[in-house]
Amino acid sequence: MRLLLIEDDDRIAGPLAEGLGRYGFTVDHVRTGTAGLAATTAAPDLVLLDLGLPDMDGLDVCRSLRARSAVPIIMITARGEEADRVVGLELGADDYLAKPFGVRELIARIRAVTRRAGAPAYLSTGTATASEAHQPASGAQVLGPLAVNRRTREVHLNGRHVALTPREFDLLAFLADDPGTVYSRQQIMDTVWDPHFFGPTKTLDAHVAALRRKLGDPGWITTARGVGFRLTVPGDPTDSEAAG
């Protein structure tokens, strides 16, 4: 997924672009509103727009963008007042994120905005995810006998409700975003927990073990030794090479 970041502060733009790049997003960075408007001719998938730009107000950039394009826009700014949020949203922004924020929250908002906009929920491969391809009208992603509903945060297996803790659900939903893809331990910790999480990394293993137990089959979450984990459907022949 190609993002256009319009942000004049390199101290923010650099780490942000690096963090998003770790998850497979391609980030084009410009420092002014004028350059941002020119860069949108390349048709980015989503725009991350700062309001405090050196040459023009970000609200004016948003107004100009919306007048000629339906590209999703997420405002990222230090202006946290309600009036700024209201004006930004009324001008056509799809979401508004006040600084400081974590990469995990931003990625979640990017996914939510792209879903609401009717676009495929792009991940690291730049293609439509399996969750989009298997998303029925009910909002639940169906993987064999497993149904994951992000809207209601409910999970059903063979029609039976599976009770998960909030963190267990976040972990399962993250792995289910692209079934079969191996996510590194660091990717999972940064997204499901936080890039600044300083607790023991064994907490991930504990949550994986709990999920395997609650899903009734360790084959749902397989281990890529020395790398991380991936979600698979037990018995699916396409996942025959998965290591447990």
Side-chain angles (χ1 to χ4, degrees), residues 1-79 84-99 101-135 139 141 150 174 177-178 181 183 187 191:
M1 184 176 189
R2 182 173 292 278
L3 309 178
L4 174 61
L5 172 61
I6 308 175
E7 167 63 68
D8 67 309
D9 192 338
D10 288 341
R11 295 171 299 177
I12 295 174
L16 183 56
E18 180 182 355
L20 290 168
R22 288 172 59 186
Y23 292 92
F25 294 97
T26 299
V27 181
D28 297 323
H29 172 220
V30 297
R31 296 173 176 81
T32 66
T34 302
L37 290 172
T40 56
T41 59
D45 296 303
L46 184 141
V47 174
L48 301 174
L49 173 62
D50 182 32
L51 294 189
L53 298 171
D55 61 333
M56 58 191 301
D57 193 287
L59 293 174
D60 293 326
V61 177
C62 180
R63 182 185 294 108
S64 297
L65 277 177
R66 189 52 72 230
R68 69 189 195 193
S69 171
V71 62
I73 301 171
I74 297 179
M75 290 182 169
I76 52 172
T77 178
R79 302 183 195 172
D84 288 313
R85 293 196 300 271
V86 170
V87 171
L89 294 171
E90 288 185 345
L91 286 175
D94 296 273
D95 204 347
Y96 192 111
L97 189 57
K99 302 173 184 176
F101 54 84
V103 173
R104 171 190 170 192
E105 180 180 5
L106 177 57
I107 290 175
R109 288 176 181 262
I110 290 172
R111 289 175 176 159
V113 165
T114 53
R115 283 196 298 268
R116 290 199 300 269
Y122 290 91
L123 290 175
S124 60
T125 60
T127 58
T129 67
S131 82
E132 185 72 18
H134 296 81
Q135 192 94 2
Q141 177 189 359
R150 291 169 177 77
F174 176 69
D177 268 330
D178 198 2
T181 293
Y183 291 100
Q187 280 180 303
T191 305

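These numbers were taken from a predicted model, which means no experiment stands behind them. Residue indices begin at 1 and follow the sequence shown. Hydrogens, waters and symmetry mates play no part in the numbers below; they use all other heavy atoms, side chains included.
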N/O donor-acceptor pair under 3.5 Å between [X] side chain and [Y] backbone:
X     : Y     : value
His29 : Gly14 : no
Ser69 : Leu65 : no
Arg66 : Val71 : yes

Rounded distance (nearest 0.5 Å) linking atom [atom1] of [X] with atom [atom2] of [Y]:
X      : Y     : atom1 : atom2 : answer
Leu46  : Ile74 : CG    : CD1   : 4.5 Å
Leu91  : Arg63 : CG    : CZ    : 5.0 Å
Leu37  : Ile6  : CG    : CD1   : 6.5 Å
Leu49  : Asp95 : CG    : CG    : 12.5 Å
Leu106 : Leu20 : CG    : CG    : 5.5 Å
Asp50  : Thr32 : CG    : OG1   : 11.5 Å

With Met75, which of Leu59, Leu89, Val47 fulfils side chain to side chain contact (heavy atoms under 4.5 Å, CB included)?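 Single side chain to side chain contact (heavy atoms under 4.5 Å, CB included) partner of Met75 among Leu59, Leu89, Val47: Leu59.
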What pair of heavy atoms forms the shortest contact from [X] to [Y], and how long is it?
X     : Y      : result
Val30 : Ala39  : CG1-CB, 4.3 Å
Cys62 : Ala93  : SG-N, 3.8 Å
Tyr23 : Gln187 : OH-O, 3.0 Å

Please say which of Asp10, Asp55, Asp8, Asp9 ends up in a salt bridge (Lys or Arg N to Asp or Glu O under 4.0 Å) with Arg31.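 Result: among Asp10, Asp55, Asp8, Asp9, Asp10 is the only option passing the salt bridge (Lys or Arg N to Asp or Glu O under 4.0 Å) with Arg31.
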For Glu18, is there an ion pair with Arg22 - N to carboxylate O distance below 4.0 angstrom?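 Between Glu18 and Arg22 there is no salt bridge, as every charged N stays at least 4.0 Å from the carboxylate O atoms.
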Looking at Arg150 and Asp177, is any side-chain nitrogen of the basic one under 4.0 Å from a carboxylate oxygen of the acidic one?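 A salt bridge is present here (some side-chain N lies under 4.0 Å from a carboxylate O).
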Using a 4.5 Å cut-off on heavy atoms from C-beta on, say whether the side chain of [Y] contacts that of [X].
X      : Y      : result
Ile107 : Phe174 : no
Glu7   : Leu16  : no
Leu3   : Ile110 : yes

Evaluate the side-chain contact (heavy atoms from CB on, under 4.5 Å) criterion for residues Tyr96 and Leu51: first the C-alpha distance (whole Å), next the side-chain angles of each, then the deciding distance (0.1 Å), finally the verdict. CA-CA 10 Å; Tyr96 192 111; Leu51 294 189; 3.7 Å; yes
Using side-chain contact (heavy atoms from CB on, under 4.5 Å), reason through Asp94 and Ile73 one step at a time and then give a plain yes or no. CA-CA 5 Å; Asp94 296 273; Ile73 301 171; 4.2 Å; yes
side-chain contact (heavy atoms from CB on, under 4.5 Å) assessment of Leu48 paired with Leu97: CA-CA 10 Å; Leu48 301 174; Leu97 189 57; over 6 Å; no
Would you find more than 12 non-hydrogen atoms of other residues, nucleotides or ligands less than 6.0 Å from Arg68 atom CZ?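 Enclosed.
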